[in-house]
Asks: 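Pasting a structure below so you can have a look.
These figures come from a predicted structure and were not determined experimentally. Each chain gets a letter, A, B and so on, in the order its sequence line appears, and its residues count up from 1.
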Amino acid sequence: MSPGFRTLLFKEVLRFWKVAFQTIAAPVLTTVLYLVVFSHALAGRVEAYPGVSYVQFLLVGLVMMAMLQNAFANSSSSIIQSKVTGNIVFILLAPMTHRDLFAAYLLASVVRAVAVGAGVLACVALFIPLPLPHPGWLLAFTAVGAGLLGVMGILAGIGSDKFDQLAAFQNFTVTPLTFLAGVFYSVATLPPAWQVFSYLNPFFYAVDGFRFAFFGQSDVSPWRSLAIATAALGALSFTALRLLARGTKLRH
Amino acid sequence: MGAAVEVRGARKRFGLVQALDGVDLRIDEGEFFALLGPNGAGKTTLISALGGLVRADAGELRIMGHDVVADPLQARRSVGIVPQEIVFDPFFTVRETLELQSGYFGLRRNGAWIDELLARLDLAGKARANMRSLSGGMKRRVMVAQALVHRPPVIVLDEPTAGVDVELRQALWEFVRELNAAGHTIVLTTHYLEEAQNLCSRIAMMKGGRVVALDTTRRLLDSFSERLLRVKLARGEVPAGLLPGNGPDTAGWHRIPVQNAAHVEEALGALRAAGLTVTHVEVAEPELEEVFVKIMAREPRAGAAP
């Protein structure tokens with residue numbers, strides 16, 4: 001890593017921290033509202049897993065969903081803003097490698113995701129008790145899930161030239177994939193055709209593995225989830241690093 | 001003296017536009033150098049290629065001996081570029097912007113130099129102001145400071161004085177002159193040709209992606225421009241052959257090329273001897289604008305205003 005990496009990471013964290021009301025407080029509030037509304041509306045549902053209430057099940061899924069969405073929002077909005085306003089030149093003129101840029105944008109996304117996820121849990125921990133038998137899996141799926149969306153944000157930021165292109169990517173890719181990742185239901189309860197669709201969605205494995213950390217139960221093995229989510233993260237990271245190294249849509 | 005900037009055979013095409021069409025250029029360490037040309041001549045593309053913002057299709061570009069493609073990090077450490085467009089990050093204050101830029105270069109304790117930059121660029125009072133709240137001229141000065149945080153040996157200013165008022169323009173040039181005197185190589189583009197004439201010892205003129213003139217400012221002025229004695233006469237009747245040219249211009253001035261004071265005496269004497277009365281007299285020094293216009297006119301492709 002070049003010496004500039006640390007500063008770029010710091011700047012990326014400072015950037016969302018300065019507007020924490022929008023970037024942390026707002027998604028925490030939205031997520032808590034989802035939880036209140038859905039848990040009330042669907043309170044009659046049976047336990048998703050033995051010994052796990054629907055509210056507990058939903059909470060953990062919503063925490064991961066908020067982390068995924070905010071990881072994406074962080075890197076994608078930072079890159080598109082600096083491209084549209086043009087101030088990205090001062091980053092491109094600095095002696096930093098494509099790896100520095102990749103790592104700084106990615107890690108800042110993970111930091112924001114963790115801040116939002118921790119914020120949601122802090123708000124509701126008193127009301128909804130959660131066991132945590134496997135904290136190691138919590139860390140692993142937080143890193144891989146937030147990392148995966150952080151990298152998708154980098155790719156979307158590089159690929160978009162305008163805000164509406166980025167919004168389209170978000171609305172037609174990120175949002176459907178997060179809503180269909182088994183946040184609100186156990187995939188095992190779906191008809192077989194929908195199950196297949198869910199198994200093709202890498203976000204599902206992040207949500208499912210994250211639940212295993214809290215309940216010791218999940219739809220698929222956490223090892224399998226970790227392998228698939230990590231493979232997706234690896235493939236997208238490889239692509240993002242190549243684009244950054246070539247300077248695609250950044251260095252003309 | 002080593003080369004601060006070396007460009008060999010640089011070519012770059014954007015779609016149908018050949019922005020750089022085989023540029024060769026060498027700028028020595030310590031020079032104060034101007035890169036002039038009409039809009040679209042390729043100046044900004046060349047500067048962007050030196051900074052790694054644009055990748056040349058062919059050719060070689062070096063800054064302080066570092067190839068911008070093979071050794072990009074050293075090349076970028078060696079140059080500070082002030083972009084032409086005003087750009088800023090609205091999340092940060094002036095001081096944060098400069099501290100972050102220092103950090104990108106690995107400079108963690110750069111406070112003293114940042115203070116000096118703020119003072120010299122008349123931004124000290126705005127250090128804690130958000131970038132959004134600054135006027136255009138102030139934003140441009142922050143960009144100058146950003147380009148200088150790492151004290152680069154080569155400083156490239158792409159139209160740094162556009163939109164900056166006269167007083168601050170003078171202060172900026174004084175600062176840049178001092179940096180040049182301290183050994184920094186300065187490369188500037190400007191549409192104010194008198195600035196280039198006063199500041200720069202050597203000038204390259206570009207057109208259509210090529211360097212069409214490259215010489216010292218003195219020699220360019222001597223070869224393409226002349227000192228003129230301009231006179232107005234009390235009566236219009238001038239004997240044929242006494243004055244060159246086609247008579248007076250619309251304001252009534254006759255233009256007589258002169259080399260030195262003796263020529264001025266001689267010309268005025270000839271007018272007196274012909275019984276003519278001179279009512280107004282002035283001597284116009286050679287101007288870079290005239291050189292620019294002549295060089296652009298002799299080049300095949302149509303030129304725009306400087």
Asks: Could I get the full list of salt bridge (Lys or Arg N to Asp or Glu O under 4.0 Å) partners for A:K11, not counting sequence neighbours?
Replies: B:D89
Asks: Please determine whether the number of non-hydrogen atoms from other residues, nucleotides or ligands lying under 6.0 Å from atom OH of A:Y34 exceeds 12.
Replies: no
Asks: Return the minimal non-hydrogen interatomic distance between B:A147 and A:F90, and the atom names on each side.
Replies: N-CE2, 4.4 Å
Asks: Count the heavy atoms of every other residue, nucleotide or ligand shown that sit under 6.0 Å from CZ of A:F184, and state whether that count exceeds 12.
Replies: yes
Asks: Run the numbers on B:F91 and A:V19 for side chain to side chain contact (heavy atoms under 4.5 Å, CB included), then give the verdict.
Replies: CA-CA 9 Å; B:F91 283 86; A:V19 284; 3.8 Å; yes
Asks: Taking salt bridge (Lys or Arg N to Asp or Glu O under 4.0 Å) as the test, write out the residues that go with A:K162, two or more places apart.
Replies: none
Asks: How close do B:F105 and A:A94 get, heavy atom to heavy atom, and via which atoms?
Replies: CZ-CA, 3.8 Å
Asks: Has A:F163 got more than 12 heavy atoms of other residues, nucleotides or ligands less than 6.0 Å from its CZ?
Replies: yes
Asks: Does atom CH2 of B:W173 have more than 12 heavy-atom neighbours from other groups under 6.0 Å away?
Replies: yes
Asks: Would the number of heavy atoms belonging to other residues, nucleotides or ligands and lying under 6.0 Å from CZ of A:R99 be above 12?
Replies: no
Asks: Examine whether an atom of A:T85 lies under 4.5 Å from a heavy atom of chain B, and if so say whether it belongs to the side chain, the backbone or both; otherwise answer neither.
Replies: both
Asks: Taking the side chain as every heavy atom from C-beta outward, state whether B:Y104 and A:L93 have any atom pair closer than 4.5 Å.
Replies: no
Asks: Given side chains that start at C-beta, do those of B:R108 and A:T7 come closer than 4.5 Å, heavy atoms only?
Replies: yes
Asks: Should we say atom NZ of B:K126 is surrounded by more than 12 heavy atoms from elsewhere, each under 6.0 Å from it?
Replies: no
Asks: Of all heavy-atom pairs between B:F92 and A:L14, which one has the smallest distance, and what is that distance?
Replies: CE2-CD2, 3.6 Å
Asks: So A:N87 and B:F88, side chain to side chain contact (heavy atoms under 4.5 Å, CB included) or not? Walk me through it.
Replies: CA-CA 5 Å; A:N87 64 54; B:F88 63 96; 5.6 Å; no
Asks: Could you name the residues of residues 54-87 of chain B that have a heavy atom within less than 4.5 Å of a heavy atom in chain A?
Replies: B:V54, B:R55, B:L73, B:R76, B:R77, B:I81, B:P83, B:V87
Asks: A quick test of your reading: do over 12 heavy atoms of other residues, nucleotides or ligands sit less than 6.0 Å from CZ of B:R169?
Replies: yes
Asks: Spell out the residues in residues 244-252 of chain A that have some non-hydrogen atom less than 4.5 Å away from a non-hydrogen atom of chain B, in order of number; otherwise answer 'none'.
Replies: A:A245, A:R246, A:G247, A:L250, A:R251, A:H252
Asks: What pair of heavy atoms forms the shortest contact from A:P3 to B:G106, and how long is it?
Replies: CB-CA, 3.5 Å
Asks: Which bit of A:F5 is near chain B, if near means a heavy-atom gap under 4.5 Å: side chain, backbone, both or neither?
Replies: neither
Asks: Between the side chains of A:K18 and B:E96, is the shortest nitrogen-to-carboxylate-oxygen separation below 4.0 Å, so that they form an ion pair?
Replies: yes
